[in-house]
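Computed from a predicted structure; not experimentally measured.
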Amino acid sequence: MEAAVVLPLPTTFNFLSAFNPSSSPCPAITVYPAAQSTFMEKEARIQAIEAQVHLAKINPNKTGVLRKETLTVLIRTTHSASTTLKILAAKNIQFFFKDFPELEEQAINAVYDLCEDQDSEVRIEGYKAITRISRAERRLVKRNADVLLQLLQSDEPDEVTVVKQALIEHMDLDPTGTLGVLFDQLAPIDSSVDEEERGMREHLRTLVAAFLTGEAMDSIARHVEKDRTLESVFMPSILGVVLELDFSEMTQIVTQLVAGLASRNIPIPNRLLQLLLQRVSVALQGDLKFSRPAFLRQTRLELDFAQSLVLIKRALSPLELLRFYCKSLTGKLVLEQLAQEEQEWLIGMLAAVLSFCQSHYSGDTEIRQCQWTVVEACPFALEILIPGSLGKTSSACATLLRTWLTRKNSPGWNLPPDLKSALETLKAFLDKAPAQETKRELLKMLMFLDPSAPTPAEPRQRRVMQTATRSIDMSKNPPVITNHETRSITPTDGARHNQQAQPPAKKRRSGSEASSEEPPKLSLLSRLQPMASKPSATPPRQASIGLSIKGAASMQNGGNGAGNTGFPATKKPPPPPSLLERLQFASPAGSGSSSLDRSGPPSDPRKRKRRS
């Protein structure tokens, strides 16, 4: 049987003697067997420290010896081999370090040491202990947040989750300090840093950016919504890295942050769009130097992202974007350096912005004026779109025309000569194109934009065909011309004829005259016509003969062909009778007048005879 081991038992509340049994005389007890002595000793020490911590917590003397000795024991246990004691220290240091400033730094460093322990359970308790320390002393929040973000580099997913939760809790404790620490990690890295450190810092920056745009986004937006002054804390940090980060990191940070803030109606400064457009300018210069004609490889990425924040996220005003198009992208010098497909893409992007403004900012005077400035400055853009105006570029072409129509309706604007030339070129192209709905829409807008331009060929041909059809219809159903109208028609006579077209009112008759059909009443012009050679008292009503204008002229010529006047070729026709002569031979009032002889010229009034 193994020999018994004697373990001293403390008889006082000096629990520090548990670590040094010879420091105080104690009665001995017997422990069975000897192999259990080490385990029992560890358990006794743990129980002794737990009892001491409990007594120190409830001790009313915050700066007394018991509390100070307890804090010293807890600091020492962070370096012991016992996981239980380390966890015990991590959970209880928070209660004592504030009361003893001389031990505060040792206590904080002891907690940091726990975060680097070999045991994962101890490390996790160390992360939580940092939050407890910050909650006990708010002035340490910023310092502890800096330590926690370094711990994001852990390879253990479970530990990273605890660290992120600790950082979010630090935001709740001190939003300004914690956000300042986190966004400072996004700052550009100094060029003097060696390659190894640069790699570490870039890796950490990526981790912090992912945390800010992921788990921390809701917390950030919530705090900013409560206190708008927080924008001044992190926005400068974001704006400071927009030009420095590579495209993927920049888009990740800006997209998530802007989306999160904009979804809660938190305004985003226009300075962000200005910086993004600076990136577009840099990319454009690089693409233009690469080849001729140039292809917009990087420019497409940068411009599409900047424009998406305006058109899709709707987080920024389009005003700066319109100005940028006008000054830097749609000028003739820039467009001429690009390949045809790049020209069409760029103008299509501009058309998308113009269409967006027409739909969502129609009442904004400043944006409307900027739209007009853009389209007036780039008539060359319309010429680029003409070859595909009925295909892939039809939408962009229509958008430009609508913008010009809006400008035309404003007072004091005249069509610029270069734009007029571009519109005429587009009309000529459309005239030759086959008929389709897109063509009709474009032609309609062109007609409103430039009414002085010639009518397109297809509508003109249609009107000619309609006129020809009407002429054929008139030949089939000619207008009725009575016998007293068979004379040469002049414009003046034609006007009189139109006035005489209305049927005169019938005169009341009595007796047998009322029962018989009343002959048509002659107009003043008809009564002034010369009388026939053999008038009849009651001439029968002659059937109306349908004649066209050309037929009437033939009848005036005697019906014997063109040039036949009814007089001998060697003898000129007598001059027309004067007004006095026509009045002398006119019939009395109420009597009918004779008809003209249709087979020849009217008889000379001077040779007329009255009936006997």
Side-chain angles (χ1 to χ4, degrees), residues 277 284 293 303 307 318-338 340 342-359 361-433 438-457 459-460:
L277 295 177
L284 178 62
L303 181 60
Q307 191 157 313
L319 185 60
E320 289 294 333
L321 189 58
L322 284 171
R323 290 172 177 169
F324 182 73
Y325 271 105
C326 184
K327 295 178 181 179
S328 304
L329 294 180
T330 54
K332 187 173 183 179
L333 293 177
V334 175
L335 292 174
E336 286 180 335
Q337 301 180 61
L338 304 178
Q340 175 68 24
E342 302 294 354
Q343 293 175 346
E344 294 175 353
W345 175 83
L346 194 56
I347 299 171
M349 294 287 285
L350 169 62
V353 180
L354 293 173
S355 179
F356 176 80
C357 293
Q358 292 168 4
S359 302
Y361 290 87
S362 57
D364 193 310
T365 304
E366 188 175 11
I367 292 179
R368 184 170 61 251
Q369 290 290 341
C370 192
Q371 290 182 73
W372 295 343
T373 302
V374 171
V375 295
E376 289 176 7
C378 57
F380 180 67
L382 182 60
E383 299 178 8
I384 294 174
L385 298 179
I386 288 177
S389 57
L390 296 179
K392 59 182 179 180
T393 63
S394 60
S395 176
C397 188
T399 300
L400 290 180
L401 292 179
R402 278 193 293 268
T403 308
W404 275 311
L405 277 174
T406 306
R407 182 69 178 101
K408 183 179 183 296
N409 294 332
S410 63
W413 185 78
N414 296 319
L415 202 63
D418 50 354
L419 176 57
K420 184 178 179 65
S421 175
L423 294 177
E424 292 174 352
T425 304
L426 177 59
K427 284 183 179 180
F429 174 80
L430 294 176
D431 286 345
K432 301 176 183 178
T438 303
K439 174 182 176 179
R440 286 190 288 270
E441 293 178 359
L442 294 178
L443 286 174
K444 185 183 299 184
M445 287 188 283
L446 287 172
M447 182 175 62
F448 283 108
L449 267 174
D450 189 12
S452 63
T455 309
R460 179 170 61 250

At their closest point, which heavy atom of [X] faces which heavy atom of [Y], and how far apart are they?
X: Thr393; Y: Gly388; answer: OG1-O, 2.6 Å
X: Ile367; Y: Asp364; answer: N-OD1, 3.1 Å
X: Tyr325; Y: Leu346; answer: CE2-O, 4.1 Å
X: Trp404; Y: Pro379; answer: CZ2-CA, 4.3 Å
X: Gln340; Y: Ile384; answer: NE2-O, 3.5 Å
X: Leu426; Y: Ile386; answer: N-CD1, 3.7 Å

Taking the side chain as everything from C-beta on, heavy atoms only, tell me whether [X] gets closer than 4.5 Å to [Y].
X: Leu322; Y: Tyr361; result: no
X: Leu284; Y: Leu329; result: yes
X: Thr330; Y: Ile347; result: no

Tell me whether [X] contacts the main-chain N or O of [Y] through its side chain, where contact means a donor paired with an acceptor under 3.5 Å.
X: Lys332; Y: Phe380; answer: no
X: Ser362; Y: Ser359; answer: no
X: Ser355; Y: Ala351; answer: no
X: Gln307; Y: Met349; answer: yes
X: Thr438; Y: Leu390; answer: no
X: Thr403; Y: Thr399; answer: yes

Quick check for you: to the nearest 0.5 Å, what is the distance between [X] atom [atom1] and [Y] atom [atom2]?
X: Gln369; Y: Arg407; atom1: CD; atom2: CZ; result: 6.5 Å
X: Asn414; Y: Lys420; atom1: CG; atom2: NZ; result: 11.0 Å
X: Gln371; Y: Leu400; atom1: CD; atom2: CG; result: 11.0 Å
X: Met445; Y: Cys397; atom1: CE; atom2: SG; result: 7.0 Å
X: Lys439; Y: Phe429; atom1: NZ; atom2: CZ; result: 10.0 Å

* To do: Dump the intermediate steps for side chain to side chain contact (heavy atoms under 4.5 Å, CB included) on Val375 and Leu382, then the final yes or no.
  => CA-CA 9 Å; Val375 295; Leu382 182 60; over 6 Å; no
* CG/Asn409: more than 12 non-hydrogen atoms of other groups inside 6.0 Å ->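 Yes - once you tally the heavy atoms of other residues, nucleotides and ligands closer than 6.0 Å, there are more than 12.
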* Could you please spell out the steps behind the side chain to side chain contact (heavy atoms under 4.5 Å, CB included) verdict for Leu449 and Leu419? => CA-CA 10 Å; Leu449 267 174; Leu419 176 57; 5.9 Å; no
* Do Glu383 and Thr425 have a side chain donor and acceptor closer than 3.5 Å? ->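 No, Thr425 and Glu383 have no side-chain donor paired with an acceptor closer than 3.5 Å.
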* Taking only Lys NZ, Arg NE, NH1 and NH2, and the carboxylate oxygens of Asp or Glu, determine whether Arg323 and Glu320 approach each other closer than 4.0 Å. =>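 Salt bridge: yes.
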* **Full working for side chain to side chain contact (heavy atoms under 4.5 Å, CB included) between Leu350 and Leu354** => CA-CA 6 Å; Leu350 169 62; Leu354 293 173; 4.1 Å; yes
* Passes side chain to side chain contact (heavy atoms under 4.5 Å, CB included), Phe356 versus Leu321? Steps please. -> CA-CA 12 Å; Phe356 176 80; Leu321 189 58; over 6 Å; no
